[in-house]
Peer 1: 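Have a look at the structure that comes next, please.
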There are 2 protein chains.
Amino acid sequence: MTEHKVEIAMRPDGPAGAEILGFRPLYQQVKANFVRRLVDGSWAPGMALPSESQLASEIGVSQGTVRKALDELAAENLLVRRQGRGTFVAEHDEQRILFRFFKLMSDDGIARFPDSKVLDGTCGPADAAERTALNLQAQEAVIRIRRIRSLGGKPLVLETVSLPAHVFPGLENGPVPNNLYSLFATRYGITIANARERLKAVALTPDQAEHLRVAAGTPALEIDRIALSLDGSAVERRLSLCLTEEAHYQSDLR
Amino acid sequence: MTEHKVEIAMRPDGPAGAEILGFRPLYQQVKANFVRRLVDGSWAPGMALPSESQLASEIGVSQGTVRKALDELAAENLLVRRQGRGTFVAEHDEQRILFRFFKLMSDDGIARFPDSKVLDGTCGPADAAERTALNLQAQEAVIRIRRIRSLGGKPLVLETVSLPAHVFPGLENGPVPNNLYSLFATRYGITIANARERLKAVALTPDQAEHLRVAAGTPALEIDRIALSLDGSAVERRLSLCLTEEAHYQSDLR
DNA sequence: TAGTGGTCTAGACCACATC
DNA sequence: ATGTGGTCTAGACCACTAA
């Protein structure tokens, strides 16, 4: 078992390094400690964490401080807390979490997860857009997966996923599951923490239109997603072209 | 000064109404109390709240319980907490809050707020879409405002705002400010708490295209927004057609 | 200097899940 | 019956702001 310690000592009676470093709350240090365990895999998806009081005594802070750290991580969807059962590391294959990264739904309001069929998978040098999105150097290789996602047999999305080859070695060989993010987690230990999407309306090219079985020039919703892992690095770029005749992208502003 | 009281008495030693009602945490009751003050206007936008300890002793709970209620309201953007200064009711005309409901930005990443020019304002019976969106009966009247929003002189959005006439009496007379939501707050005491947007890609009709000075059939991003007030009722429907040649809709998934 | 929110602690009790 | 997270309290001290 790896040793885990909160790096900076607790403030003693008088103000210590506070005036130098500008003061960092204890619970944030504890939280950072927990994030490290998530990143390095010592807390793996689905796992039950030790209880609050165990963590508190291990680290040497009060239960309330541990609680505040855990509550924030739960609010960021990295942990799931269940009263009476314990605190668990979030998984990416639960229904409720699937739709956190899938905002497209049919107009009747019923949220279903689409099938997907891979068109092709290639590996080659990143283009300019991919280099910008993924912070890559010129000549660095990306794995590219194109697929069609359908709802009830009807083509809905033409999707191009670009992944840095050095982050996902060997992914180009072998089958591609419908839910990529749980593959990232189980096979590469990479958790997608959040994502940024940019939406535009575009006209489909003849080639794109053919894959989606509509006329060239049909308007489509273009979703340009950059997904960030736990440590904040961009690990996926996904360009989706969506037909929105009978579906829409739902965004809740709170 | 109006009297404010937490409705249900604190649980006495033994379990009281808990087994009947299924238990509602104290801090949630306190929070509901605070929301009521926001709704009825006794806490108006921009106002400073009493301090935590004042509120705590007024209601008869501990400061920590008040704090949890205030923290949640701050997380929902209804309050703003400033260390050393106090807790304030959120306003809708601060820069940072404007962009909570305006996700369109130019591709260079610079977030600017667009001008707007009113095309026309009418008042008439709600159509089917408006009735559904705003929960109106047949024959109920809505105020309709159409306007063009431009960025740097360039038309960007053709927007149709529909408002229940009985909620905003007299709004059809008089000027329409660029920022409608702060008008709602100051003149009608209505705070927009959150909104739901549905996005589609559509082709512009000749009429729409003319207003935006582009060719008919140009793809546009259609944003169908329903805005909810503090008490959860739908008070605005806004249908926007956005050109996305040099701009995009940004959505952050967390 | 006084007053505010922010952090931290310690302990009690409650609701929920499992054994 | 036991252990978990959830709620509630009370009090101490810290950091920030303004007078």
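Chain letters run A, B, ... following the sequence lines, proteins first and then strands; every chain starts at 1.
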Peer 1: Find the distance A:Gln63:CD to C:dA12:P and express it as a whole number of Å.
Peer 2: 13 Å
Peer 1: What's the CZ-C1' distance between A:Arg82 and D:dG3, to the nearest Å?
Peer 2: 16 Å
Peer 1: Taking CD from B:Glu52 and C1' from D:dC16, how many angstroms apart are they, rounded to a whole number?
Peer 2: 14 Å
Peer 1: Atom CG of B:Asp71 to atom C1' of C:dG5: distance rounded to whole Å?
Peer 2: 9 Å
Peer 1: From CD of B:Gln54 over to C1' of C:dG5, roughly how many Å is that when rounded to an integer?
Peer 2: 13 Å
Peer 1: Rounded to whole Å, how long is the line connecting atom CG of B:Leu55 with atom P of C:dT4?
Peer 2: 11 Å
Peer 1: When you check the phosphate oxygens OP1 and OP2 of D:dT9, does a side-chain N or O of B:Thr65 lie under 4.0 Å from one of them?
Peer 2: yes
Peer 1: Which part of the nucleic acid, if any, lies within contact of B:Ser53, taking any heavy atom under 4.0 Å across all strands shown: a base, the sugar-phosphate backbone alone, or nothing?
Peer 2: nothing
Peer 1: Are OP1 or OP2 of D:dG5 and a side-chain N or O of A:Thr87 less than 4.0 angstrom apart?
Peer 2: yes
Peer 1: Check this for me: does the side-chain of B:Arg67 come within 3.5 Å of the base of C:dG6 through a donor and an acceptor?
Peer 2: yes
Peer 1: Would you call A:Glu52-A:Arg81 a salt bridge at under 4.0 Å N-O?
Peer 2: yes
Peer 1: Using the six-membered ring wherever Trp is involved, compare the ring planes of A:His92 and A:Tyr181 and label them parallel, tilted or perpendicular (cut-offs 30° and 60°).
Peer 2: tilted
Peer 1: Check whether any side-chain N or O of B:Arg81 sits under 4.0 Å from OP1 or OP2 of C:dG6, and answer yes or no.
Peer 2: yes
Peer 1: Using the six-membered ring of B:Phe168, assess whether NZ or CZ of B:Arg187 lies under 6.0 Å from its centre and within 45 degrees of the ring axis.
Peer 2: no
Peer 1: Across the strands shown, which category fits B:Gln83 at heavy-atom distances under 4.0 angstrom: base, sugar-phosphate, nothing?
Peer 2: base
Peer 1: The side chain of B:Leu26 is closest to which nucleotide in this list: C:dT7, D:dC8, C:dA10?
Peer 2: D:dC8
Peer 1: Rounded to the nearest Å, what distance is computed from the CZ atom of residue A:Phe88 to the P atom of nucleotide C:dA17?
Peer 2: 12 Å
Peer 1: For the side chain to side chain contact (heavy atoms under 4.5 Å, CB included) test, which of A:Val161, A:Leu163, A:Ile145 pairs with A:Arg238?
Peer 2: A:Val161
Peer 1: Choosing from D:dT9, C:dT9, C:dT7, which nucleotide comes nearest the side chain of B:Ser62?
Peer 2: D:dT9
Peer 1: According to the interplanar angle, ranging from 0 to 90°, do the rings of A:Tyr249 and B:Tyr249 count as parallel (below 30°), tilted (30 to 60°) or perpendicular (above 60°)?
Peer 2: perpendicular
Peer 1: Let me know the distance between CG of B:Leu79 and P of C:dG5, rounded to the nearest Å.
Peer 2: 11 Å
Peer 1: Output yes when at least one side-chain N/O atom of B:Arg85 is less than 4.0 Å from OP1 or OP2 of D:dA18, else no.
Peer 2: yes
Peer 1: Taking 4.0 Å as the cut-off, does a side-chain nitrogen or oxygen of A:Lys68 come that near to OP1 or OP2 on C:dC8?
Peer 2: no
